[in-house]
Amino acid sequence: QVQLVESGGGLVQAGGSLRLSCSASGSLPYVIGWVRQAPGKEREVVSGMSGSDHNTYYADSVKYRFTISRDNDRNTVDLQMNTVKPEDTAVYYCAARGSRITVFSRNARTYTSWGQGTQVTVSS
């Protein structure tokens, strides 16, 4: 339903920073976040928010390193990635739950709108 487009991926050295941006068509979905998939691994919801910046979630693997934020004026959700590690290498997707769903989920299977993904590669 909602169109999501990611940008900002690229190659970065371990310890560096990268900022991903997700642009949504129309208003931002209530539940929106970032899901990554590394080669040979399952999809992982690394960060998300429900409603506002005050209701955020971070996977243990990225906690205190990544920060999610939203800009309602621009209809964008960003993921600031600091102190990146080689294990952060993955395709990062912006994903959202249904428009009438207001509960955050760490299960990637419950997200129904997906961007095309942006590659993040962290070199050691």
Side-chain angles (χ1 to χ4, degrees):
Q1 184 174 306
V2 62
Q3 184 180 14
L4 303 173
V5 180
E6 305 96 332
S7 63
L11 176 64
V12 62
Q13 290 188 333
S17 298
L18 203 65
R19 188 176 184 90
L20 307 182
S21 183
C22 171
S23 179
S25 60
S27 300
L28 287 173
Y30 197 88
V31 179
I32 189 169
W34 292 90
V35 182
R36 71 183 181 187
Q37 185 165 28
K41 295 185 178 181
E42 296 296 313
R43 292 176 297 175
E44 177 187 25
V45 179
V46 297
S47 184
M49 60 174 53
S50 178
S52 72
D53 292 340
H54 302 294
N55 298 290
T56 58
Y57 162 82
Y58 298 97
D60 290 340
S61 57
V62 307
K63 194 172 297 182
Y64 309 122
R65 298 190 298 115
F66 293 5
T67 302
I68 191 170
S69 61
R70 65 191 293 148
D71 187 332
N72 291 323
D73 293 329
R74 297 178 57 238
N75 293 328
T76 58
V77 172
D78 290 358
L79 184 69
Q80 179 65 46
M81 306 168 61
N82 295 330
T83 320
V84 295
K85 304 176 180 179
E87 50 262 43
D88 293 325
T89 296
V91 177
Y92 284 73
Y93 299 90
C94 182
R97 302 195 73 191
S99 61
R100 297 188 180 275
I101 297 176
T102 59
V103 179
F104 174 82
S105 174
R106 63 174 65 184
N107 184 354
R109 294 188 180 92
T110 68
Y111 290 77
T112 56
S113 297
W114 295 79
Q116 81 287 352
T118 184
Q119 176 70 46
V120 172
T121 302
V122 182
S123 61
S124 59

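No hydrogens, no waters, no symmetry mates; every other heavy atom, side chains included, goes into these values.
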Notebook entry, point to check: Is Tyr58 close to Thr67 at the side-chain level, that is, under 4.5 Å between some pair of heavy atoms?
Noted result: yes
Check: Looking just at side-chain N and O atoms, do Glu87 and Ser61 make a donor-acceptor pair shorter than 3.5 Å?
Finding: no
Margin query: So, taking the atom named CG in Leu4 and the one named OG in Ser113, what distance separates them when rounded to the nearest 0.5 Å?
Written below: 6.0 Å
Next item on the list: Provide the closest heavy-atom pair for Met81 versus Val120 in the form atom of the first, atom of the second, distance.
Entry: CE-CG1, 4.0 Å
Notebook entry, point to check: Any ion pair linking Asp88 and Lys85 (charged N to carboxylate O, less than 4.0 Å)?
Noted result: no
Notebook entry, point to check: When rounded to the nearest 0.5 angstrom, what distance separates CZ in Phe104 from OH in Tyr111?
Noted result: 4.0 Å
Checklist line | Within-4.5 Å side-chain heavy-atom neighbours: Arg97 and Pro29 | finding: no
Note to self: For a side chain to side chain contact (heavy atoms under 4.5 Å, CB included) check, start with the C-alpha distance between Ser47 and Tyr57, then their side-chain angles and the critical distance, and finish with the verdict.
What the structure shows: CA-CA 5 Å; Ser47 184; Tyr57 162 82; 5.6 Å; no
Notebook entry, point to check: Nearest heavy-atom pair of Ser17 and Asn82: which atoms, and what distance?
Noted result: OG-OD1, 3.0 Å
Notebook entry, point to check: When rounded to the nearest 0.5 angstrom, what distance separates CG in Asn75 from OG in Ser25?
Noted result: 8.5 Å
Notebook entry, point to check: Can Val45 be reached from Val62 by stepping across I, L, V, M, F, W or Y side chains whose heavy atoms are under 4.5 Å apart?
Noted result: no
Notebook entry, point to check: Measuring from Glu42:CD to Gln37:CD, what's the distance to the nearest 0.5 Å?
Noted result: 7.0 Å
Note to self: Taking CD in Gln13 as the centre, count heavy atoms belonging to other residues, nucleotides or ligands within less than 6.0 Å. Is the count above 12?
What the structure shows: no
Notebook entry, point to check: Can you check whether Met49 reaches Thr56 side chain to side chain, under 4.5 Å on heavy atoms?
Noted result: yes
Item checked: Closest non-hydrogen atom pair, Ser21 against Thr76 -> OG-CB, 4.2 Å
Check: Looking at side-chain heavy atoms only, is the closest gap between Thr112 and Ile101 below 4.5 Å?
Finding: no
Check: Does Asn72 use its side chain to pair, donor to acceptor, with the backbone of Leu28 at less than 3.5 Å?
Finding: no
Checklist line | Sub-4.5 Å side-chain heavy-atom contact between Val31 and Val103 | finding: no
Next item on the list: Keeping to residues at least two apart or across chains, list the salt bridge (Lys or Arg N to Asp or Glu O under 4.0 Å) pairs with something in residues 5-23.
Entry: Arg19-Asp78
Next item on the list: Can you label the angle between the Tyr93 ring and the Trp114 ring as parallel, tilted or perpendicular, going by 30° and 60°?
Entry: perpendicular
Note to self: As a quick check of understanding, evaluate side chain to side chain contact (heavy atoms under 4.5 Å, CB included) for Val77 and Trp34, giving each step before the final call.
What the structure shows: CA-CA 9 Å; Val77 172; Trp34 292 90; 3.8 Å; yes
Next item on the list: Give the C-alpha distance, both sets of side-chain angles, the deciding distance and a yes or no for side chain to side chain contact (heavy atoms under 4.5 Å, CB included) between Gln119 and Thr89.
Entry: CA-CA 8 Å; Gln119 176 70 46; Thr89 296; 4.0 Å; yes
Notebook entry, point to check: Do you know which two heavy atoms are closest between Tyr30 and Ser50, and how far apart they sit?
Noted result: CE2-OG, 3.3 Å
Notebook entry, point to check: Would you say Leu18 and Leu20 make side-chain contact, with heavy atoms under 4.5 Å?
Noted result: yes
Next item on the list: Go through Thr118 and Ser7 one step at a time and tell me if the side chain to side chain contact (heavy atoms under 4.5 Å, CB included) criterion holds.
Entry: CA-CA 6 Å; Thr118 184; Ser7 63; 6.0 Å; no
